[in-house]
Colleague: 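Input: one structure, supplied below.
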Amino acid sequence: YPEDATFIEGVEFELRIPKAFKGSEASVAWSVYSSVTPAPSAELLDYEAELIATQTLPARVSMNLVLPMIERHGIQGGPFASLIPSVASADRFPLVFKLSPVGKGFNPSMEAAEFKLTVRPILGNEGGISISVHFPEGEEHGAPSIFVDDKLIQDESSVILAKKGARVLRISAEGYREEVVTIAVEPGRVVPVSVALTPNAPFIVFQAPDGTVVTLDGKPLAKEDLDGLAVEPGEHTLAFKIGDYSMTRKLMALRGKTYQVILSVELEIDTAP
């Protein structure tokens, strides 16, 4: 039984039947046992176990058996895979798959033939999301709120189970900007998501003619600051100077708001007859 079977619904046995047994498949039976004791070892030959199912080999070149591992599973049998009507939960492991002769008349080629058995897990249609939220160093913050497809996640520290496909994550915290991330969830895979939240400070964007000197609270702003600047909440003094013309305004900046500050200079010339 795997250490982490979160996404596993069952186990599949795929058996390749040698050509030497063509037409004589009914002379060999397969069996699946559970609760094997003692623990399987190359040095031991005798075991006690519970029989789950047994049947003779089908008249095909290969055989697929599916054994569920959980009660509520979505596994279905079909023409190429037979569903064993039992559930082998964790307390019934380990399992043993056994081939036994049930007929006579084995020829040398049959005795020397090798069966190839492949065992693989069957994954459900769920995957996982592991979210880590980071805040700026030294900044105070409360617990983040995490939503997956608008459903609030109660415990963000654990792996979040989600159906396969595109999932929308929303992460927010008081005083910080909300982040929205779209991720693709794959069955049986945990997708790590790292989100860095930025303080939801007021944001000021300036527009002014070339050559305008802009100051904020008495400090001149660089040209790149005019494209957008985060400021502390509260009252700020904005000053503009272009040539001999100057203007000063007060601005009360509120958290979460974006302000467009536009300085326009117009010149009108009217004519009369």
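The structure displayed is predicted, hence computed values, not measured ones.
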Colleague: Does the pair V214 and L238 meet the rule for a side-chain contact (heavy atoms from CB on, under 4.5 Å), with working shown?
Modeller: CA-CA 7 Å; V214 182; L238 308 177; 6.0 Å; no
Colleague: Can you tell if the side chain of L99 reaches within under 4.5 Å of the side chain of L57, non-hydrogen atoms only?
Modeller: yes
Colleague: Find the distance between CG (L123) and CZ (R189) and round it off to the nearest 0.5 Å.
Modeller: 13.0 Å
Colleague: To the nearest 0.5 Å, how far apart are CG in L51 and NZ in K98?
Modeller: 10.0 Å
Colleague: Test Y47 against Y33 for ring-ring contact (aromatic ring centres under 6.0 Å, His included), laying out the working first.
Modeller: CA-CA 10 Å; Y47 299 93; Y33 294 87; over 10 Å; no
Colleague: Is there a continuous path of hydrophobic side-chain contacts, each under 4.5 Å between heavy atoms, that joins I8 to L83?
Modeller: no
Colleague: Are the side chain of T54 and the backbone of W30 linked by a donor-acceptor contact shorter than 3.5 Å?
Modeller: yes
Colleague: For R72, does the CZ atom have more than 12 heavy-atom neighbours from other residues, nucleotides or ligands under 6.0 Å away?
Modeller: no
Colleague: Does atom CD of Q260 have more than 12 heavy-atom neighbours from other groups under 6.0 Å away?
Modeller: yes
Colleague: For residues I122 and P68, determine if any side-chain heavy atom of one lies less than 4.5 Å from a side-chain heavy atom of the other.
Modeller: no
Colleague: Could you tell me whether the side chain of V28 reaches within less than 4.5 Å of the side chain of V102, counting heavy atoms only?
Modeller: no
Colleague: Measuring from L169:CG to D150:CG, what's the distance to the nearest 0.5 Å?
Modeller: 11.0 Å
Colleague: Any heavy-atom pair between the side chains of K163 and N125 that's under 4.5 Å?
Modeller: yes
Colleague: If I take atom NZ from residue K219 and atom OG1 from residue T237, how far apart are they, to the nearest 0.5 angstrom?
Modeller: 12.5 Å
Colleague: What is the distance from atom CZ of F13 to atom OG1 of T118, rounded to the nearest 0.5 Å?
Modeller: 11.5 Å
Colleague: Heavy-atom count check: over 12 atoms from other residues, nucleotides or ligands less than 6.0 Å from R249 CZ?
Modeller: no
Colleague: Determine whether Q55 and S82 make a side-chain contact, defined as any pair of heavy atoms from C-beta on separated by less than 4.5 Å.
Modeller: no
Colleague: Is the closest side-chain heavy-atom distance between I153 and I131 below 4.5 Å?
Modeller: no
Colleague: Decide yes or no for P220 and T215: does some side-chain heavy atom of the first lie under 4.5 Å from some side-chain heavy atom of the second?
Modeller: yes
Colleague: From M69 CE over to I75 CD1, what is the distance, rounded to the nearest 0.5 angstrom?
Modeller: 9.0 Å
Colleague: Group every Ile, Leu, Val, Met, Phe, Trp and Tyr by side-chain heavy-atom contacts under 4.5 Å, then state whether F147 and I160 land in the same group.
Modeller: no
Colleague: Under a 3.5 Å distance rule, please check whether E25 uses its side chain to pair with a backbone N or O of G23 as donor and acceptor.
Modeller: yes
Colleague: Only one of I52, L65, V119 passes side-chain contact (heavy atoms from CB on, under 4.5 Å) with F97; say which it is.
Modeller: L65
Colleague: Quick one: do V195 and L197 satisfy side-chain contact (heavy atoms from CB on, under 4.5 Å)? Show the steps, please.
Modeller: CA-CA 6 Å; V195 177; L197 295 183; 4.1 Å; yes
Colleague: With a 4.5 Å cut-off on side-chain heavy atoms, are Y176 and P136 touching?
Modeller: yes
Colleague: With a cut-off of 6.0 Å (strictly less than), are more than 12 heavy atoms of other residues, nucleotides or ligands near CD of E71?
Modeller: no
Colleague: How close do F21 and A113 get, heavy atom to heavy atom, and via which atoms?
Modeller: CE1-CB, 3.9 Å
Colleague: Please check if any side-chain donor atom of T212 sits under 3.5 Å from a side-chain acceptor atom of K241, or the reverse.
Modeller: no
Colleague: Between D149 (side chain only) and K151 (backbone N and O only), is there a donor and an acceptor less than 3.5 Å apart?
Modeller: no
Colleague: Does any N or O in the side chain of Y259 come within less than 3.5 Å of the main-chain N or O of L254, such that one atom is a donor and the other an acceptor?
Modeller: yes
